[in-house]
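Note sheet for the following structure.
Residue numbers start at 1 and run along the sequence shown.
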Amino acid sequence: MSTVAKVIVDVPTMQTDRPFDYLIPSVLAGEIRPGMRVWVQFGSGKRQVSGMVVGLAEAPAFDGELKPILAVLDPEPVMDQERLDLAHWLAQTTYAFWITCIQTMLPTMLKVDTVRYVTAGPAASDATAALLAGRDQLELTPDLDPATMAQILTLLAHEGLTLHYQSKDRAKVKTVDHVVPLLTPEAYAELQTTVRANAAKQQLLLTSLANWATTKQTPSVKTIETTVGLTRSQLTAAAGKGWLRLEPREVYRNPYPQYTGEKLTTPLPLTTDQQAVVSQINDATGAKRAETFLLEGVTGSGKTEVYLQAIAKALAMGRTALMLVPEIALTPQMVQRVKGRFGNAVAVLHSGLSDGEKFDEWRRIARGEAAVVVGARSAAFAPLTNIGLFIIDEEHESSYKQDDAPRYHTRDVIRHRAALHHAPVVLGSATPSLESRARAEKGVYTLLRLPNRINHQALPTVSLIDMREAYQNGAQGDFSKELLTALQLRLDRHEQSVLLLNRRGYSSFVMCRECGYVVQCPNCDISLTLHMDTHTLKCHYCGHEEAIPHVCPNCGSNKIRYYGTGTQKVESALHELLPAARVLRMDVDTTRKKGGHEKILRAFGNHEADILLGTQMIAKGLDYPDVTLVGVINADTSLGLPDFRASERTFQLLTQVSGRAGRADKPGEVIVQSFNPDHYAIRYAQKQDYEGFFRQEMAIRHRGDYPPYFFTVKVTVSHQDEQQAAKAIYSLANELKQALSDQALVLGPTPGAIARLKNRYYYQIVIKYKNEPQLGPTLARILDETQQSTRRGFQIGIDREPVNFI
Ligand SMILES: Nc1ncnc2c1ncn2[C@@H]1O[C@H](COP(=O)(O)OP(=O)(O)OP(=O)(O)O)[C@@H](O)[C@H]1O
Ligand SMILES: [Zn+2]
Ligand SMILES: [Zn+2]
C-alpha cells in the first residue's frame, strides 16, 4: 500500500518545481491516485495550496516528518498517465514550470482558487471586533484597501486574528431539474377526487402525474413549463406535498445547439490524387505507424475530404482522432463539415466557448463519449485515449506556437503524442512552413501532394497592380481603377467579392503633421491604436485607453490627424465609391463579441452582402462558391517587418487569400495592389507557385544562416529598472558565449521590439546554432540562477524557435 503521494504544488517558482512528498492519511488510503488534485499545506507557515498528484511511493524519499494530504479535490483522476508524462516532457522541453504545464493542459474550470480569510484569533481585541464588525470571518480580497490590510497584518502578528485557507474549485456541473412521480397512477386518481374540481391547474398536474407514472416518464421542468403549461412554483409546491420529487440531472452545455447530431454527409467519391493520399495515410493508421506526413495541397484541392476519410479509418479501427485547426479557421463551415460527417461523436474545443462549455466538451472527451476532437491550439492536450490519427490543418500558421509559458509548438506536442499512441500525423497546408517542407525534403516527413483543384478547376488568375503608378491612372483613395471596375462587375453579376486589408505590422495611429509627434502609451514604448467606434486611443499591450486629442500634446498645434488605413476607413470609402454595394466588415472590432465571427460569415454565406472586407482573419478556410473576386488592398505592409519570416508570411497570406476565389464552377480573379510588385514573395504568390517560392527562400535562409538551416532560441530578461535589465542581459550573453562552440551565433543583446511593456524594460538575445549539446544545460542553469533572483525583480523567458523575433 502506498503511503506517500508525490505532489506538484501550485506555486510556480524554481524552488518548488519538483514533486514534494506528502503523507496519505489512513482515511484516504487507497483513494488517492496519480492525476488527482489535492489540497495540501505548503511551506513552514499555514499556507495551503492545491497540487497535482504525479506519483505514489511506498515510503518517503527522506526521513523528515511528512505533512499529510488535507483533502482530495477529484473523485477520479483528471489526468491519465499519458498526459502526466506529457506535462513533464513539456516542462523540460520548453523551460516552463511543471505546474504551469499541468494547468495549461486542464480546462480553466479545473483551476483551483485559493480563498484566504481571517477569523478572531486567540488574542482577539477590540480592534479585532471592530474589524470583523459582527461577522465571523472576513475574506482577504485584492481590493481591500491598504489601510485595512495593514491593520489585518498587525492583528495577525499579535494573534488578534487567525488566517485560514480554503480551496474553491471553479468546476461547476450544470444540472436540469426533472420531475419524478412518487405515487401510483391509482393514488393520483384518488387525489383528484379530493381536489376541488375548479382547481384547474391542480387537476391538470394530477392528470399529468398519473400519465407520467403510467408511462414511466420523468420530464424536465422546462419541458413541462412549455408543453403542459404548469409553472415551476406549482411543481415545487407539489413536491412539498409529496406528490413528486424534483431531481437535478447533469447535462452538458452544448455550444452547438443547431446541430442535431444527425450525420448529414457521406464520404465523397475521391479523385485519383485524393485516393492516393488517403491510402498512404490509411496504411500508416492501419499499421499503427507513427509516421508524419506533410500534405501539400493547393487551395481548393480537397484536403478536408482527405482528413475526413482518414478519420473514418481510425474510427473503423475503434480508435479516436484529433484534428487541430487555427482558431480563426475554426469557422462554422469547418465545424459543420466534421459534425456533418461524424455527428455526436465530435467534440469541439476553442476559445469562443464559455468556460462551462469547454469544461463539458472536455468531460465528454475524457469519458470516452467523443471519438473525434476538433479544436484550436490548446486542444493538442485533449484527454482523448487510444488516438489513431492526428491532423494539423494549415500547419504553417504562426498561432500554433504559444507565445507565453509554456512556449510550445503544437506540432511538437502532437508528434510527441503520436509516437506514444503509434499513430500517424498529417500536417496539411497549401503553403507549408519552410521548416516542415525542408523536413519533407530530408525524408523526416513523407511528402504527399494534391497539385490540382477539385475537378481540375483552374487556380484563379492573379493580376498585380503597381500602386506607384496607379494614382496617375485614376486610383481613388486606396482603390486602383482596376479593382473598382472588378468590384463593380461582381455587383452587376450578383457575384461576391472578398477584400483583404493586410494589417500585419500596421496600425492606425494619430500623428501631428506639424511636429511629427505620435501619441504613445504612457506605460509601453508603443504608439496607441485608433479605435473609431469608441473614439479612443488604446494600447494593445496593456489596455491603456484615452480620448483622441484635438490639439497636439507636444506642440499645441491643431494639425493632429489620423494616419493609417483602418478597415473602418476602407469601409466608408467603399460606401462612397460603390454606394450600391452591401459590405460586411470583419476585424477585431466586429468579432469581439461571442459568436461575432459566425454571424458575419453566415450572413455572407446567405448572400446578405456583396463584399466581405476584413483583415488576416478572412484569408483562411472560407469556401463560398459565389466568390469570384479577391482583392488585396495593400499586399506589402507585411514585407516591411524586421523579421526574417516577413517574405514567407506575405507569400502565405497572398496565396491563401487568393485561394478563396473561384472554388466552384465560376472562374476566379484576384487583384493584388502593391508598392513592391517586383518582390519575389509577391511574384511567386501571383503564380501561386509554392515550390518556386520554397527554393528561392531556402537559398536566402541559407545565406543568412536562418532557420530551417539553423535553430534559434530567444532569451529575454526584464526588470523595472532599465540598468538592471541591461546589465543582466550582458552578463547572460557572456555566459552563453563561453559555454557554446564558435559555430553558434549570439545576436544582441538588443532592447526588445517594445523596449518597455507594462513598465518593465525588456532586453533580449537570440542564439542561432546547429548542434550545441551544452546549450540545454546552460539555459537550465541560467534559468535556475535568474529564478533565485526573482526577489530582486528579474524575469526571464526562454523561447525555443520563437515566432516573433523582435
Ligand atoms: N472528391 C471530391 N469530389 C467533389 N467535390 C469535392 C471532393 N473533395 C472535395 N470537394 C469539394 O471541393 C471544395 C474544396 O475542398 P476543400 O475546402 O476541402 O479544399 P482545401 O484543400 O481544404 O482548400 P483550402 O486549403 O483552400 O481551405 C469543397 O467544396 C469540397 O466539398
Ligand atoms: Zn501600454
Ligand atoms: Zn505637434
Side-chain angles (χ1 to χ4, degrees), residues 294 296-301 394-398 429-442 447 449 451-453 458-470 480 482-483 500-506 615-616 619-620 630-661 668-710 712 768 801 803-806:
L294 176 63
E296 182 189 326
V298 298
T299 55
S301 57
E394 311 280 7
E395 74 89 35
H396 63 279
E397 265 295 300
S398 56
S429 176
T431 53
S433 63
L434 250 70
E435 283 82 353
S436 291
R437 183 61 188 80
R439 283 186 170 178
E441 195 83 351
K442 281 174 68 181
L447 184 62
R449 293 189 64 192
N452 301 303
R453 282 191 155 181
L459 284 165
T461 51
V462 181
S463 353
L464 280 179
I465 307 296
D466 187 340
M467 286 308 274
R468 295 168 303 189
E469 292 164 8
S480 62
E482 290 85 346
L483 183 52
L500 172 79
L501 183 72
N502 182 4
R503 295 201 51 176
R504 199 185 280 279
Y506 200 83
T615 52
Q616 267 66 358
K620 250 158 241 90
V630 166
V632 179
I633 294 173
N634 51 347
D636 19 42
T637 41
S638 50
L639 281 178
L641 281 180
D643 181 337
F644 74 88
R645 286 197 181 91
S647 300
E648 185 182 359
R649 300 255 181 271
T650 306
F651 174 81
Q652 286 165 343
L653 178 65
L654 295 181
T655 309
Q656 293 285 348
V657 76
S658 300
R660 299 313 109 204
E669 180 187 2
V670 181
I671 295 183
V672 174
Q673 303 188 149
S674 166
F675 288 93
N676 302 282
D678 299 322
H679 193 284
Y680 69 99
I682 293 184
R683 285 284 167 192
Y684 281 114
Q686 178 187 21
K687 291 186 275 179
Q688 295 169 76
D689 178 5
Y690 174 79
E691 289 292 314
F693 174 77
F694 172 68
R695 307 271 157 221
Q696 176 150 2
E697 183 66 14
M698 283 296 274
I700 293 170
R701 300 283 179 91
H702 191 232
R703 278 204 300 277
D705 291 343
Y706 282 120
Y709 292 100
F710 272 67
T712 52
K768 296 202 284 187
E801 301 305 316
V803 176
N804 289 317
F805 255 81
I806 47 165

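- Here the CD atom belonging to E482 is positioned 10.0 Å from the CD atom belonging to E669, to the nearest 0.5 angstrom.
- Note on E435 versus R439: no salt bridge recorded, every NZ/NE/NH1/NH2 to OD/OE distance being 4.0 Å or above.
- Donor-acceptor pairing under 3.5 Å is recorded for the side chains of S436 and E395.
- Contact check on E648 versus R701 returns a salt bridge, with a Lys/Arg side-chain nitrogen under 4.0 Å from an Asp/Glu carboxylate oxygen.
- Looking at E394, its side chain never comes within 3.5 Å of a backbone N or O of S429 through a donor-acceptor pair.
- Of the possible donor and acceptor atoms, one in the side chain of Q686 sits under 3.5 Å from a partner among the backbone N and O of V462.
- By the salt bridge (charged side-chain N to carboxylate O under 4.0 Å, His left out) test, E296 pairs with R437, R449, sequence neighbours left out.
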Going through the distances and angles, do Q656 and T299 end up as a side-chain hydrogen bond (donor to acceptor under 3.5 Å, both in side chains)? CA-CA 7 Å; Q656 293 285 348; T299 55; over 6 Å; no
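- Ring pair Y684/F693 is perpendicular by interplanar angle, where above 60° counts as perpendicular and below 30° as parallel.
- Side chain of K768 to backbone of D705: a donor-acceptor contact under 3.5 angstrom is found.
- Nearest heavy atoms, L483 versus G631: CD1-CA, 4.0 Å.
- The aromatic rings of H702 and Y709 lie tilted to each other, with the angle between the two planes from 30° to 60°.
- Q688 and S658 form no side-chain donor-acceptor contact under 3.5 Å, judged by distance and modelled atom types alone.
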Take I633 and L500, measure what side-chain contact (heavy atoms from CB on, under 4.5 Å) needs, and give me the verdict at the end. CA-CA 6 Å; I633 294 173; L500 172 79; over 6 Å; no
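- The salt bridge (charged side-chain N to carboxylate O under 4.0 Å, His left out) search around R683 returns D678, not counting sequence neighbours.
- Between the CD1 atom in I682 and the OH atom in Y680 there is a gap of 11.0 Å [rounded to 0.5 Å].
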Before you tell me yes or no, could you show the steps for T655 and Y690 under side-chain hydrogen bond (donor to acceptor under 3.5 Å, both in side chains), namely the whole-Å CA-CA distance, both residues' side-chain angles and the distance that decides it to 0.1 Å? CA-CA 9 Å; T655 309; Y690 174 79; over 6 Å; no
Apply side-chain contact (heavy atoms from CB on, under 4.5 Å) to residues F694 and E441 and explain how you reach the verdict. CA-CA 11 Å; F694 172 68; E441 195 83 351; 4.2 Å; yes
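- Here the CZ atom belonging to F644 is positioned 12.5 Å from the CD1 atom belonging to I700, to the nearest 0.5 angstrom.
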